[in-house]
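These notes are about the structure you will find just below.
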Amino acid sequence: MKDFDFVDLILFLGVSQGFFLAVALRLIHNRNKSANRILSLLLIIAVLMLFGRIAAFRVPEIWVWRFGVLIDTTIFLFGPLTYLYTRRLGFKETPAYKLPLWHYILAVLHLGYYFWALSFSLEAFNTMYFSGELNIMFFVVEAAGLISFSIYWIQSILLLKRYTRKEEEELSFNQTVTKYLSFLLGVLGLFIILWLFSFLSTNIFRSYYKYVNYVTMWISTPLFVYVIGYFSLRQPDIFRIPFESTPKSSTDRLKPDEIQKLQKLLHYFIDEERIYEQPDLSLKMLADKLNTTSNNLSWLLNQVYQMSFYEYINEHRIKAFLQKIDESKHTNHTFLALAMDVGFNSKSTFNRVFKSKMGTTPKEYVKGKKVA
């Protein structure tokens, strides 16, 4: 066995920190709880992946290689659990969504392959491994793992796009979850590209790259999951959105008199109650105020006003902000303070919406008014 050195210390800290994060996430109460359960499981898998891959190169005993075959089962769990984590984090479903068992069939088949390998003696397994008899099996396992991970990654991307659309329909504000998931899936997508490059170069073009290969990908991936785990410890509770499909619009969903009644109530709460000043305003909250359903209110905004809920509420926030500018309130308050007064919950959201509506920045807008 190789002597214990500094690298081993770093790897030991990595494994121990993975367990720490997995336990810590399970102890967080009432904050993205169902999603954190899945992330905790992903961290445990990441620890096993890291330990198995490192042990294979630090411990010469042949049993370690057998253990490595078992650890490879995790590559068929990472994709489904990533999708499950994305869905539970963004969407509200009761009971919490669970993947059907067939999603884990590849992991079960790989376990079968592992137990088949155990039927051989250590000497026989050693001979088969180093003679190349298992190369076809290794090729099939890696190809299946790559394809599986890619499919679930694509499904997670589609899920994120769906969440982004639903967020605009349901909420009047932006959450950090979209940026967080975009970063998570973006980095995992990069790993898939590098893994594909390694797979093709090794198995098709017979070229081996020291720093881009199967092993480094499955060391980098769990280390990245650790970063996500630390971030999730500080992640605020997320306003999760119902997963139901958006109902198809119907031109006669509401009768003319119902539309007029709903419009009158809507204008009252906007103009008189200034409900848009509530930074966490959601479609459901406003629909409850109007004594109607979320679907009816969404239909009204889409069909009559030709706007999403997000666009409608933020348009009124911008109008209220501009009114404050006309009243010269910006001379005694910052733009951000005025934006918060009218309901925006962050500087970035305010700047983005203002630029989208006015075609310029708040600062340039005020400058233009002075010139005029």
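Here the structure is a predicted model, which is why all the values come from computation and not from measurement.
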For residues Phe139 and Phe199, establish whether the separation of their ring centroids is below 6.0 Å.
yes

Taking atom types as modelled and ignoring hydrogens, do the side chains of Ser298 and Glu169 form a donor-acceptor contact shorter than 3.5 angstrom?
no

Would you find more than 12 non-hydrogen atoms of other residues, nucleotides or ligands less than 6.0 Å from Asp257 atom CG?
yes

Taking everything shown except Lys324 itself, do over 12 heavy atoms lie less than 6.0 Å from its NZ?
yes

Flag this pair as yes if the NZ/CZ of Arg88 is under 6.0 angstrom from the six-membered ring centre of Tyr97 and inside a 45 degree cone about the axis; otherwise no.
no

With a cut-off of 6.0 Å (strictly less than), are more than 12 heavy atoms of other residues, nucleotides or ligands near NZ of Lys357?
yes

Residue pairs passing the side chain to side chain donor-acceptor pair (under 3.5 Å) test with at least one member in residues 346-356, sequence neighbours excluded, are Asn174-Thr349, Asn174-Arg352, Ser346-Ser348, Ser346-Thr349

Are the side chains of Leu338 and Ile325 in contact, using a 4.5 Å heavy-atom criterion?
yes

For the ring pair Phe321 and Phe350, is the centre-to-centre distance below 6.0 Å?
yes

Among pairs that include at least one residue of residues 75-84, which meet side chain to side chain donor-acceptor pair (under 3.5 Å), considering only residues two or more places apart or in two chains?
Tyr83-Arg87

Listed partners of Phe76 passing ring-ring contact (aromatic ring centres under 6.0 Å, His included), at least two apart
His110

Any salt bridge between Asp288 and Lys284, counting N to O under 4.0 Å?
yes

